[in-house]
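Below: the structure, in structure tokens.
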Protein chains: 2
Amino acid sequence: MSIQARKEREKLEMRTLILKAAKDLFLVDGFEKTSIRNIAEKIEYSPGTIYQYFDDKDDIFLTIHIQAFDRLMALFNKVSDIANPFERLREIGKIYVEFALGNPEMYDLMFSMRAPMASLQAKKEEWGCGFEAFDFLKQTLQECIEQGLIRFQNTELATISIWAHVHGLVSLYIHERFQMLPPEQVSTIIHTCMDNMMELIKKE
Amino acid sequence: MSIQARKEREKLEMRTLILKAAKDLFLVDGFEKTSIRNIAEKIEYSPGTIYQYFDDKDDIFLTIHIQAFDRLMALFNKVSDIANPFERLREIGKIYVEFALGNPEMYDLMFSMRAPMASLQAKKEEWGCGFEAFDFLKQTLQECIEQGLIRFQNTELATISIWAHVHGLVSLYIHERFQMLPPEQVSTIIHTCMDNMMELIKKE
DNA sequence: AAATATAATGAACAGTGTTTAAAAATCCAA
DNA sequence: TTGGATTTTTAAACACTGTTCATTATATTT
């Protein structure tokens, strides 16, 4: 069964090759402006070959989408051992903002892109990492509430509210909607907003 | 000068006709999936004609964009006479959420769409309504701070923070990122989050 | 009515995602 | 090692896209 093993390995290598090329192009030119022909050209294969390894363009997106959530989740896990949930929350926020600002196109793919979410619905079983990240935040806030550290009673409400707040900040920034502010200050303003939010939700 | 006046009127009517068709299609199928040929077909003209009235697809988008902000601003003006700035803020929030949830595609065009923002930059002088809406919120928060009604010191920070919070909520909803929640509850959860936020920022 | 100016058209260009029949490469058994 | 079966890659084709432009049709002015 050695030759079959190699075949499967080669198939996987090809998939990885396509994914890497696609991701590079998505992050530079965006999802819409990246064509299958662009990806094919980059890996020096014909466009048709790509359809041997992926159903369609959305399938490529979906796979990258899942990988991105795995990456974010890996970053979150680095602070999972912080005992104080409020301090853990602060670090989660920092990681989230850093991730978003450092990978704006990827963040967009993860939290804003509209089109391919429908096809993601279909393959829901493959997609668990998104909920995982949400639950990680939720768990931390649960502990915050239990220890009476934040001005919230309902865990789910707190999770959504805080996530929405941070998402709103980075989302408006990424989509260039802070044009009424001095461009060089925007990045620091986001961090000030984060600190401010932490103070706002802190009990006492 | 009557015939020239009529010509100008006809030109404007044609522009309006194109804009209405484009808007209808944008809101149903989205910006990317709507083609110039679709718009042309809807108004029963050839695709080339559209380029007699608009520079390109982005130009059509930009015009609709401006009109949408005018509409939002008109809604805001309805509550401008509420004396208590905190209550005015509450109503602004309601209007904003209602507008976003009632016109999700249009909201997307206004606050999330990435591509055509670049060409908007170029025609910055025509675009004042966006800043107007931002300033309206800012003015209200300024009054809130002056009267010691909210737990904020900095007006600009408060404006960005609150805007981001609400934008985050409606944005995640519109982009279908609340799939971990029971679908039928999502809408009410957003409103609960809004009430919660108002309580959170309220002083005392 | 003829000349001029304006507006609408449809074909053309270069691009898109995707499908498919044919060609090339690989594998396996004789 | 060779020949047949399988798999993989390819290029062409299909139906689209935004945009441009020479031609045609319409309307206005002389």
Side-chain angles (χ1 to χ4, degrees), chain A residues 1-19 21-22 25-26 28-64 109 113-120 122, chain B residues 1-19 21-22 25-26 28-64 109 113-120 122:
Chain A
M1 293 291 156
S2 171
I3 82 107
Q4 196 179 345
R6 187 202 43 140
K7 284 227 164 182
E8 269 177 45
R9 198 179 59 231
E10 280 177 354
K11 193 131 201 162
L12 211 104
E13 275 169 12
M14 191 63 171
R15 271 182 69 94
T16 312
L17 188 72
I18 294 169
L19 283 174
L25 289 170
F26 284 171
V28 173
D29 305 326
F31 178 77
E32 304 281 358
K33 282 185 182 168
T34 300
S35 70
I36 297 289
R37 283 173 183 81
N38 294 154
I39 301 168
E41 199 178 359
K42 197 174 172 103
I43 61 169
E44 294 175 307
Y45 277 83
S46 71
T49 304
I50 289 171
Y51 288 86
Q52 204 105 31
Y53 297 90
F54 294 94
D55 292 347
D56 47 36
K57 205 183 167 186
D58 282 4
D59 189 25
I60 300 174
F61 164 82
L62 175 64
T63 311
I64 293 172
L109 252 56
M113 277 226 55
R114 223 172 171 193
M117 278 306 278
S119 66
L120 195 154
Chain B
M1 293 293 157
S2 170
I3 81 105
Q4 198 179 346
R6 185 201 44 135
K7 283 227 165 182
E8 270 177 43
R9 198 180 60 229
E10 281 177 353
K11 193 130 201 163
L12 211 105
E13 276 169 11
M14 191 64 169
R15 272 182 69 93
T16 312
L17 188 72
I18 294 169
L19 283 175
L25 290 170
F26 284 170
V28 173
D29 305 325
F31 178 77
E32 304 281 359
K33 282 184 181 168
T34 301
S35 69
I36 297 289
R37 282 175 182 79
N38 294 156
I39 302 168
E41 199 178 359
K42 197 175 172 100
I43 61 169
E44 295 175 306
Y45 277 83
S46 71
T49 304
I50 287 171
Y51 288 86
Q52 204 108 32
Y53 297 90
F54 293 94
D55 292 347
D56 48 35
K57 205 183 167 187
D58 282 4
D59 189 25
I60 300 174
F61 164 81
L62 176 63
T63 311
I64 292 172
L109 253 55
M113 276 225 57
R114 222 172 172 192
M117 279 305 277
S119 66
L120 195 154

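Every chain is numbered from 1 and lettered A, B, ... according to where its sequence line falls, protein lines coming before strand lines.
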| How long is the gap from CD1 on B/I18 to OH on B/Y45, to the nearest 0.5 Å? |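 The distance works out to 9.0 Å.
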| Which value, rounded to the nearest 0.5 Å, describes the distance between B/N38 atom CG and B/D29 atom CG? |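 It comes to 7.0 Å.
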| Of the nucleotides D/dG18, C/dG17, C/dA7, which has the atom closest to the B/Y51 side chain? |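 Nearest nucleotide to the side chain: D/dG18.
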| query | Which one, C/dT18, C/dA8, D/dT8, comes nearest to the side chain of A/D56? | reply |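 The answer is C/dT18, which lies nearest to the side chain.
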Report the distance from atom [atom1] of [X] to atom [atom2] of [N], rounded to the nearest whole Å.
X     : N      : atom1 : atom2 : answer
B/Q52 : D/dT19 : CD    : C1'   : 14 Å
A/I60 : C/dG17 : CD1   : C1'   : 11 Å
B/E41 : C/dG10 : CD    : P     : 12 Å
A/D59 : C/dT18 : CG    : P     : 10 Å
B/I39 : D/dT19 : CD1   : C1'   : 13 Å
B/E44 : C/dG10 : CD    : P     : 13 Å
B/Y45 : D/dA25 : OH    : P     : 17 Å
A/Y53 : D/dT8  : OH    : P     : 6 Å

| Are B/D59 and B/T63 side-chain neighbours, meaning at least one heavy-atom pair lies under 4.5 Å? |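 A side-chain contact exists here, since the closest heavy-atom pair is under 4.5 Å.
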| task | For residues B/T34 and B/V28, determine if any side-chain heavy atom of one lies less than 4.5 Å from a side-chain heavy atom of the other. | result |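 Not in contact.
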Could you tell me which residues satisfy side chain to side chain donor-acceptor pair (under 3.5 Å) with [X], sequence neighbours excluded, listed by chain and number?
X     : answer
B/D56 : none
B/T49 : B/S46
B/T16 : none

| message | It should be established whether B/T49 places a side-chain nitrogen or oxygen under 4.0 Å from OP1 or OP2 of nucleotide C/dA8. | response |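 No, B/T49 has no side-chain N/O under 4.0 Å of OP1/OP2 on C/dA8.
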| message | One character per nucleotide, please: for nucleotides 12-17 of chain D, 5' to 3', B when the base has a protein heavy atom closer than 4.0 Å, S when only the sugar-phosphate does, - otherwise. | response | -B---B
